[in-house]
Amino acid sequence: MKQEVRPVPLSGPYLDAREEELVLEVVRSGRLSLGPMVDRFEEAFAEQVGAPYAAAVSSGTAGLHLLSVSAGIGAGDEVITTPYSFAATANCFVYEGGVPVFADIDPRTLNLDPAAVEAAVTPRTKAIVAVDIYGYPCELDELRAIAARHGLALIADSCEAVGALYKGAPLGSHGPSAVFAFYPNKQMTTGEGGMVTTHSEEEWRLLRSLRNQGRGDEGGWLEHVRLGFNYRLSDVAAAIGLGQVEKLDDLLALRAQVAARYGELLAGLDGIELPCADDADHVRSWFVYVVKLPDNETRERAIVHLERERIGYNRYLPSIHLQPYMRERYGFREGMCPVSEDASARTLALPFFTGLEREGQERVAEALAAVLS
Ligand SMILES: Cc1ncc(COP(=O)(O)O)c(C=O)c1O
């Protein structure tokens, strides 16, 4: 009988006995929410990324929404962001009535092009949401300078970039408030969850109130001093997160090894563009492995081969402004952000996770070689 080909999944978490031990500690303590495990997770995370304050939340999206509230984004305010990201990057301020203004990206890094951001500023602009796409740090200092010049808030969507270094220091340590996300495909996970880092004690207190139904520092369980949300992270999730932070350096090193192996295996293929290399100012934290193929037709042919071989993939990432609800609501059309649209047509995420073995990667390389050679 013919042997079935083993599937190679697109992504997967990397957990061990430490997470089990910490989860058990929570279960046995009976403190399943608002317990000490959330504080421990926050403290460990803040230390890891060099931020003075961290607030755990139920998702990256929740964290971005809270920063949109904290920035005072309201109805009709324009917010400049990148089209080449996950939808939550824009949704977070649309919830508050903010209007998305998409600035195009740099074709090499796939991050916001600061010149395009500067050109998009109007008297109605309130904020910039910058993304470190696929774990590669954005041009933070240039974006900060634009924000300072025009009196704008800067929100760092670092959901894909925990552990990345900008100018030698981790994202989260630089000043702008940042959000990290912990869905199971991320470098570290809590199942569902996120973390907001801030350098302002006042903002930290506000975030803790907003995530907890607007309760104040003082006052009782049923006193609400502002309009809040239930964006709390449970202690079970925080326990998994603490175990993951403790080993984050190892996770990142293992992922960098997997990426380096792809670099070797794919180097000889014609027409494939690999993720851009690190430089002195930008050190990527490996979230996904996304390659650029020569054109859309080649990408779709590659996908047929990957499917045949039971290899996971995804069309990371469609441009947000062309999502059906965005077109309908704001009238966005093709041609508005040509660099992003071109990338969206040609980029492809390959299987990538901490424990991915060489054999799986070789099969990916073979499937791509069948199309590219
Ligand atoms: C760039 C970016 N922003 C925001 C999010 C939202 O995070 P979550 O799925 O935890 O809500 C993600 C997660 O996929 C992301 O990649």
Side-chain angles (χ1 to χ4, degrees), residues 10-13 41 45 54-69 71 79-96 98 100 102-103 105 109-112 127-138 140 143 154-164 166 171-172 176-197 207 210-211 229-234 237-238 240-241 244 255 275 284-290 314-321 323 326 340 343-344 347 349 352-353:
L10 180 63
S11 67
F41 178 36
F45 189 90
V57 285
S58 53
S59 69
T61 307
L64 289 167
H65 185 194
L66 293 191
L67 285 185
S68 299
V69 174
V79 181
I80 302 171
T81 192
T82 168
Y84 193 79
S85 183
F86 185 65
T89 298
N91 292 349
C92 63
F93 57 80
V94 171
Y95 299 147
E96 294 299 309
F102 292 103
I105 57 168
T109 65
L110 305 176
N111 278 325
L112 269 175
I128 300 168
V129 179
V131 179
D132 308 294
I133 202 72
Y134 305 150
Y136 195 84
C138 67
L140 192 59
L143 295 171
L154 176 61
I155 295 173
D157 177 347
S158 298
C159 284
E160 303 186 351
V162 64
Y166 177 69
L171 298 184
S177 301
V179 181
F180 300 86
F182 308 133
Y183 188 72
N185 68 340
K186 296 292 192 296
Q187 293 92 328
M188 56 169 278
T189 187
T190 56
E192 296 285 355
M195 190 74 80
V196 187
T197 57
L207 295 168
L210 286 171
R211 76 174 175 192
F229 308 87
N230 181 354
Y231 283 169
R232 297 184 301 262
L233 188 74
S234 80
I240 298 172
Q244 295 267 285
R255 295 173 83 89
R284 186 192 298 268
S285 162
W286 285 96
F287 163 48
V288 283
Y289 198 89
V290 173
N314 216 335
R315 293 178 181 85
Y316 283 2
L317 270 163
S319 293
I320 301 174
H321 64 290
Q323 293 287 353
M326 283 276 166
S340 175
S344 294
T347 45
F352 188 80
F353 48 95

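This chain uses plain numbering: 1 for the first residue, then up along the sequence. All ligand and atom numbering here is 1-based and tracks the order in the structure. Side-chain atoms are counted along with the backbone in the values below, which use heavy atoms only and exclude waters and symmetry mates.
- Among the atoms of Tyr183, none of the N or O lies under 3.5 angstrom from an N or O of ligand 1.
- Near Thr89, the atoms of ligand 1 lying under 4.0 angstrom from a non-hydrogen atom of the residue are 1 (C), 3 (N).
- Not a single heavy atom of Glu192 sits closer than 4.0 Å to an atom of ligand 1.
- The nearest heavy-atom contact from the protein to atom 6 (C) of ligand 1 is Thr61 OG1, 3.4 Å.
- In this structure the side chain of Val94 reaches within 4.5 angstrom of the side chain of Pro100, judged on heavy atoms.
- At a heavy-atom distance under 4.0 Å, only side-chain atoms of Leu64, from C-beta outward, approach ligand 1.
- Of the N or O atoms in Phe86, none lie within a sub-3.5 Å distance of an N or O in ligand 1.
- Of all protein heavy atoms, the one closest to atom 8 (P) of ligand 1 is Gly60 N, 3.5 Å.
- When the heavy atoms of Val57, Val131, Asp157 are ranked by distance to atom 3 (N) of ligand 1, first place goes to Asp157.
- Within ligand 1, the atoms closer than 4.0 Å to a non-hydrogen atom of Ser59 are 10 (O), 11 (O), numbered from 1 in the order shown.
- Given atom 16 (O) of ligand 1, the protein heavy atom at minimum distance is Glu160 OE2, 2.6 Å.
- For ligand 1, the atoms lying closer than 4.0 Å to a non-hydrogen atom of Ala181 are 7 (O), 10 (O).
- Closest of all the heavy-atom pairs between Pro83 and His321 is CB-ND1, 3.4 Å.
- Within the 4.5 Å cutoff, the side chain of Asp132 has no heavy atoms near those of the Tyr166 side chain.
- When each of Leu317, Thr109, Asn111 is paired with Tyr134, the side chain to side chain contact (heavy atoms under 4.5 Å, CB included) condition holds for Leu317 and for no other.
- In plain terms, the two heavy atoms of Ile133 and Ser85 that are nearest each other are CD1-CA, 3.8 Å.
- Note: Tyr183 OH to Glu160 CD = 13.5 Å, rounded to the nearest 0.5 Å.
- Taking the six-membered ring for Trp and the full ring otherwise, Phe45 and Phe182 have centroids separated by under 6.0 Å.
- Side chains of Glu96 and Ser68: a donor-acceptor N/O pair is absent below 3.5 angstrom, by distance only.
- Note on ring orientation: taking the six-membered ring where Trp is involved, the planes of Tyr316 and Phe287 are parallel (angle under 30°, cut-offs 30° and 60°).
- An N or O contact shorter than 3.5 Å is missing between Ser85 and ligand 1 by distance.
- Ligand 1 places these atoms under 4.0 Å from at least one heavy atom of Cys159: 2 (C), 3 (N), 4 (C), 5 (C), 12 (C), 15 (C).
- The protein heavy-atom contact nearest to atom 13 (C) of ligand 1 is Lys186 NZ, 3.0 Å.
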